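Shown next, in structure tokens, is the structure this report addresses.
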Amino acid sequence: MPHWGSVAIMSLTMDRYNPAEIEAKWQQIWKEQESFTVPNPDDRGEAAPAAKSYVLEMLPYPSGTLHMGHVKNYTMGDVLARFRMRNGLTVFHPMGYDAFGLPAENAAIKTGAHPEELTRINTTNINQQLHRLGVSIDWSRELATCDPEYYKWTQYFFLKLFEQKLAYRKEAAVNWCPSCATVLANEQVIQGGCERCSTAVEPRSLAQWFFKITAYAERLLQDFKLLKSWPERVITMQRNWIGRSEGAEVVFRVEELDLDIPVFTTRPDTLFGATFFLLAPEHELVQALVDGTEFENPVRDYVASARMKPVLDRSAPDREKTGEFTGRYVINPVNNERIPIYISDYVLMEYGTGAIMAVPAHDQRDFEFARNFDIEVRPVVAAGGQAEAGGETMAAAFEEDGIMINSGHFDGMPNREAGRAITEWLNSEHLGRVAVSYRLRDWLVSRQRYWGAPIPIIYCDNCGAVPVPEDDLPVLLPKVNDYAPKGRSPIAANEEFVNTTCPACGGAASRETDTMDTFVDSSWYFLRYTDPHNDKEPFNKRIANYWMPVDQYIGGVEHAILHLMYARFFTKVLFDMGMVDFEEPFTNLFTQGMIYYKGAKMSKSKGNVVNPDEHVERYGADTLRLYILFMGPPELDVEWQDQGIDGTSRFLGRVWRLVNEVVEKTKPLPEERPDFDGAAGPAASLLGKTHRTTAKVTADISGRFRFNTAISAIMELVNEAYLAKETLLADEEGKIVIRIVAETVVALLDPFTPHLGAELWQRLGHKCIWREPWPQADERWLQEETYELVVQINGKVRDRLQVPSSASQEELAAAARASGRISRYTEGKQVVKEIIVPGRLVNLVVK
RNA sequence: GCCGAAGUGGCGGAACUGGCAGACGCGCCGGACUCAAAAUCCGGUGGGGCUCACCCCCCGUGUGGGUUCGAUUCCCACCUUCGGCACCA
């Protein structure tokens, strides 16, 4: 039973800031009016009325609900989108779901539900969350990568790559995660463990599909120059991942057998110091070398044990060097010396040629091996050029540069120069050539799991691997009853799916049952947005060329290598096939920092998750959006503070009360605004602050995305408005000024807090703020009339003087000297030097 | 080990191209309003010293040096934290 007091309280709360109410109101309007839908350029190819800007945030993986990292990501994108919209650009701002993938499948295994059903529930949920955040998305372009209308085209691209010989199948030692029961790409192995579950990956020899990304290694490096504002660290990470090294390929002939084995070396200058030769245990010639000899059995045992070793053990850098002699020798082409061939597991089959010339004097690993096997260490590069130290006495390999010794007629040359000369000589003798090697491996795309796009290939006993004809796409993912991983895809158990006829000869055949890595799905989604309902082709070239490339891409730095490199690769392939006219998908990239809580990354397993929904409910989406950007510089990691959000909540309440009071006590602004030329006192000072704030907020958003400082500038303006409010409301000119201030505050705040912006803008007597032009700072008001001049003695602040902005250097110096406080320090001393920085300070150097 | 980023009050952070260190916010302290509380509004808040009415002085941006009239900012060396790579020939 309410008592009488509640009536009064009710009427007071009527006009209290009520985010739930106004947010629902504007979300409804934006949805019904499709306020952020943008049309494609029409079929005649007429240019759109304004320049376009493609603002894109990385699409979410729909695992349950959005977390704070998503909120930060989508809010940042939204601020930019709304800001650019209001600055006259045609903003393209779509959204979708990276909906295939393991988590949904694992959840399905646990609960028995279908992954598709779980995914549908999650995408619906996330769609609602995004609406509740008020992001300005063109929802007419929404897509999910697990829809057949989408993955039909993912399969189509697989076929295109197959046609170009960029998709191929080979038997290879691959990374197997026993827990996820699938193979992984190299990029998905983190320190020998699965990126998803950290289980140690095992080597397995399997026939798998690869995309030939190595064919694009050089262009992926070269085209960094086409990228405008990518973070340096992302480029560095990709550069390291690609791992380009220049050197030489040198061919060694095996004695007695008719075999040539090439090696790759970055140190051709040390060729005269090669005292043994190594093959990776997996090298294809190992068996041929030892066949029928006394070395066959021990070598075979060694190879077998190397194959068994977990990837992590094998790659530990400080492991004891082991190996096995093959009984064979190669001839060193530069001096015709015979040197023994060993096998050792520190030589990797995947890098270079899987064989190396070993130079123990100048390579630490080879040095350790030589000491273990009692092999000669022969220095060929000497520091400073003095006579050689004996190899027997060296304690470690000498890896620096120096002067050549023990190297025939190359002696005395600087080693780098000698390297070039030796390579040239090898080249003229057809024994070697300049070569470049990359660390990058081809992209393994097969996955032995259910919830992904089926690889559109049919195996026929007569015809081999045959592509599914384009007209038969999509190859639909069949329903199955059991998703449990068994080391092969669950769809392999579905005979109806597997058994088919060969498209080439019509004979009995079976389908490929592996699905594609989900990074394939996300390597082209940004193109599909441009033409999402096209059922004739993945996208129309002209339309894609119009919207692409993405002008601003925003996402987490964890995708620095994986997604961002795959998407670049895909775009280059499409460019080469003539499907698009640009070579890089993302001109500008911004990588946001992570949000920590209680000293660690938020994660369900640690139980330190801050739920965005709860905060939207308690404070409103605008408050959450504002706080998440106010927390700190967006590119840095920041710690979530529970009480911090109260500050932005209070601030929005202050804005609400200020603007409503202004609406109540002043009239709408006249068409023709006074120029305030004669204005003085609080009116002039607040007007100046307003223009300076406008300039700062504009620069902060458009420049380096310094949202935190933009917001604090608006806070300062609101603080000053509160202090001047009573005075200004007392006269007519003041009323106009405070009304201008209120409108500017709302206009500047709007990209951050769009619901509050829309509501207050309406109350101020206007319409649709998201279409209003962005406020412009007036030059005349940017300069303050006077400023505080700092006066220093020997670099220490001793006084501050109020001086006119127009004061000359001489006037500033005179004012400084005239200061009573300053005289204390100059008395009896000599002013040796005067440094005058107009606008800032005067520094007197005294002795 | 190599490469990259970062170290500023009790906390998140600010300081443009070398020019007032600590904007803005949190927290805390005080005042106003209130019977009271919440909310709100106003003020204070780096440390130390002093003849502590708010005048003044000293110290202070991870550590130690350097350049400069002047350094959070530039240079050298080092420490710590985080991220990437790591037997890649």
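Chain letters run A, B, ... following the sequence lines, proteins first, then strands; residues in each count from 1. Treat the numbers as computed from the prediction; the structure is a model and nothing was measured. Only heavy atoms go into these numbers, but all of them, side chains included; no hydrogens, no water, no symmetry mates.
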**Prompt:** What nucleic acid atoms does A:R233 come within less than 4.0 Å of, heavy atoms only: base, sugar-phosphate, or nothing?
**Reply:** sugar-phosphate
**Asked** Reading RNA chain B 5' to 3', how would its secondary structure be written in dot-bracket notation, given Watson-Crick and G-U pairs with both distances under 3.5 Å, brackets [ ] for crossing pairs and | for partners on other strands?
**Response** (((((((..(((......[....)))((((((.......))))))((((......))))..(((((..]....))))))))))))....
**Message:** Nearest whole Å is fine: how far is B:G83 C1' from A:M594 CE?
**Reply:** 8 Å
**Request:** Would you indicate what A:W640 reaches in the nucleic acid, counting non-hydrogen atoms under 4.0 angstrom: base, sugar-phosphate, or nothing?
**Result:** nothing
**Prompt:** For A:M357 and A:K833, take the nucleotide of RNA chain B holding the closest heavy atom to each; which residue's nucleotide lies nearer the 5' end?
**Reply:** A:K833
**Request:** Answer yes or no: side-chain N or O of A:R239 and base N or O of B:C3 forming a donor-acceptor pair under 3.5 Å.
**Result:** no
**Message:** Within the 4.0 Å heavy-atom criterion, would you say A:V347 contacts the bases, only the backbone, or no part of the nucleic acid?
**Reply:** base
**Item:** Stacked cation flag A:R654 on A:Y722, 6.0 angstrom / 45 deg
**Value:** yes
**Prompt:** For atom C1', what is the distance between B:G46 and B:G9, given to the nearest Å?
**Reply:** 5 Å
**Asked** Checking all strands, does A:S245 fall into the base, sugar-phosphate, or nothing category for heavy-atom contacts under 4.0 angstrom?
**Response** sugar-phosphate
**Asked** Counting only side-chain N and O atoms of A:Y346, is one of them less than 4.0 Å from OP1 or OP2 of B:A89?
**Response** no
Please enumerate all protein N or O atoms sitting under 3.5 Å from an N or O of nucleotides 43-50 of chain B, with distances to 0.1 Å.
none

**Prompt:** For nucleotides 15-28 of chain B, read 5' to 3', which letter fits each nucleotide if B means a protein heavy atom sits under 4.0 Å from the base, S means only the sugar-phosphate is that close, and - means neither?
**Reply:** SB--BB--BBBSS-
